[in-house]
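Each remark here refers to the structure printed beneath this line.
Residue indices begin at 1 and follow the sequence shown.
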Amino acid sequence: MARQPILEFWYEFASTYSYLAAMRVEAAAAEADVAIRWRPFLVGPLFAAQGWTTSPFNLYAAKGKNMWRDVEREAASLGLPPVTRPAQFPQNSLSAVRVAILGQDQPWLVPFSKAVFTASFAEGRSIAEPAAVAEILDSLGLDGTQTVRAAAAEANKTKLRVSVEEARSRGIYGAPTFLADDGELFWGNDRLEQALAWATGDRPKGLR
């Protein structure tokens with residue numbers, strides 16, 4: 001029996017397009033019979049390497065204005081709640097990402113990740129403070145205070161740094177990014193379907 005193909009989904013909680021991808025990747029992958037490996041990471045260090053001190057959507061006003069309208073359209077088409085911009089964009093996602101790294105092999109990673117995205121982009125709530133992240137964990141029936149504390153331990157901080165370096169070494173430069181088994185990289189929410197097709201071997205003629 002053939003092994004089910006796996007697609008890695010690299011996402012960042014501060015990313016609007018990661019939000020859209022997170023809310024639809026499971027259904028799309030199930031339809032394509034592809035397994036998804038959720039890979040939380042920080043995109044900030046990758047931006048810093050390019051000399052950027054903030055999101056390119058802030059650096060280029062016209063780009064940012066269009067992005068928010070595009071996200072509003074896409075959210076509506078997916079049946080998601082109206083987009084609510086957080087007071088600070090991009091939000092500081094460090095505490096949330098640390099928790100996600102801690103939970104990478106746990107069944108609560110996906111519901112936690114989706115809850116963080118919902119809090120930020122559907123409810124306009126802050127996800128920056130450890131207390132806010134703990135509250136999200138509590139809402140999922142987990143011990144928020146203990147989990148946030150464990151996520152801040154040095155061993156888990158090291159795991160996060162390793163994930164960022166892995167992303168850099170594999171050519172990732174933004175979020176969301178999808179990586180197929182063979183290392184083929186697809187960037188952006190709008191490339192999800194192409195990434196799934198590639199993972200199943202359905203590729204354009206002349207490419208392999």
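No side-chain heavy atom of W10 sits less than 4.5 Å from a side-chain heavy atom of V43. Using a 4.5 Å heavy-atom threshold, the side chains of S113 and Y19 count as separate. The closest side-chain heavy-atom distance from Y17 to M67 is below 4.5 Å.
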Please report the C-alpha distance between Y11 and F13 in whole Å, then the side-chain angles of each, then the deciding distance to 0.1 Å, and finally whether the ring-ring contact (aromatic ring centres under 6.0 Å, His included) criterion is met.
CA-CA 7 Å; Y11 62 99; F13 289 124; 5.6 Å; yes

Let me see the working for Q104 and K159 under side chain to side chain contact (heavy atoms under 4.5 Å, CB included), right down to the final yes or no.
CA-CA 10 Å; Q104 269 195 120; K159 288 182 180 179; over 6 Å; no

Verdict with reasoning, T147 to F112, per side chain to side chain contact (heavy atoms under 4.5 Å, CB included)
CA-CA 12 Å; T147 305; F112 169 74; over 6 Å; no

Decide yes or no on side chain to side chain contact (heavy atoms under 4.5 Å, CB included) for L102 and R98, but give the supporting numbers first.
CA-CA 6 Å; L102 182 71; R98 283 177 176 170; over 6 Å; no

When you look at W108 and L140, which way does the side chain to side chain contact (heavy atoms under 4.5 Å, CB included) test go after all the steps?
CA-CA 8 Å; W108 52 261; L140 298 173; 5.5 Å; no

Would you please test E129 and S126 for side chain to side chain donor-acceptor pair (under 3.5 Å) and show each step?
CA-CA 7 Å; E129 302 81 13; S126 173; 2.6 Å; yes

Is there a side chain to side chain donor-acceptor pair (under 3.5 Å) between T158 and R161? Walk through the geometry before answering.
CA-CA 5 Å; T158 298; R161 288 192 290 269; 3.1 Å; yes

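Salt bridge K114/E26: present, at least one basic N to carboxylate O contact under 4.0 Å. In this structure, E193 pairs ionically with R24, as a charged nitrogen and a carboxylate oxygen lie closer than 4.0 Å. By the 4.0 Å N-to-carboxylate-O rule, D181 lies close enough to R3 to be salt-bridged with it. No salt bridge links D143 with R149; every basic N to acidic carboxylate O contact stays at or beyond 4.0 Å. For the pair R39 and E166, the salt-bridge criterion is met [side-chain N within less than 4.0 Å of a carboxylate O].
With N92 contributing its side chain and A128 its backbone, the two residues share no donor-acceptor pair below 3.5 Å. No donor-acceptor pair under 3.5 Å is formed between the side chain of E8 and the backbone N or O of L179. Within the 3.5 Å criterion, the main-chain N or O of R125 finds no donor-acceptor partner in the side chain of E123. Without hydrogens or angle criteria, Q91 side chain to A14 main chain gives no donor-acceptor distance under 3.5 Å. Judged by distance alone, the side chain of D202 and the main-chain N or O of A197 form no donor-acceptor pair under 3.5 Å.
Note on F186 and I6: separate hydrophobic clusters, where clusters join Ile, Leu, Val, Met, Phe, Trp and Tyr whose side-chain heavy atoms are under 4.5 Å apart, directly or indirectly.
Interatomic distance, S120 OG to Q88 CD, rounded to the nearest 0.5 Å: 11.0 Å. Taking CG of L160 as the reference point, atom CD1 of I101 lies at 5.0 Å (rounded to 0.5 Å). The structure places CG of L80 at 10.0 Å from CD of E74, a figure rounded to the nearest 0.5 Å.
Annotation: E31, atom CD; neighbour count of heavy atoms from other residues, nucleotides and ligands within 6.0 Å does not exceed 12. Within a 6.0 Å radius of CH2 in W187, no more than 12 heavy atoms belonging to other residues, nucleotides or ligands are found. Residue R85 qualifies as enclosed at atom CZ: its count of foreign heavy atoms under 6.0 Å is above 12. In the displayed structure, E135 atom CD is contacted under 6.0 Å by at most 12 heavy atoms of other residues, nucleotides or ligands. At most 12 non-hydrogen atoms from other residues, nucleotides or ligands lie less than 6.0 angstrom from CD of Q146.
Aromatic ring orientation, F121 versus W68: tilted (interplanar angle from 30° to 60°). Using cut-offs of 30° and 60° on the angle between ring planes, the pair F9 and F178 is parallel.
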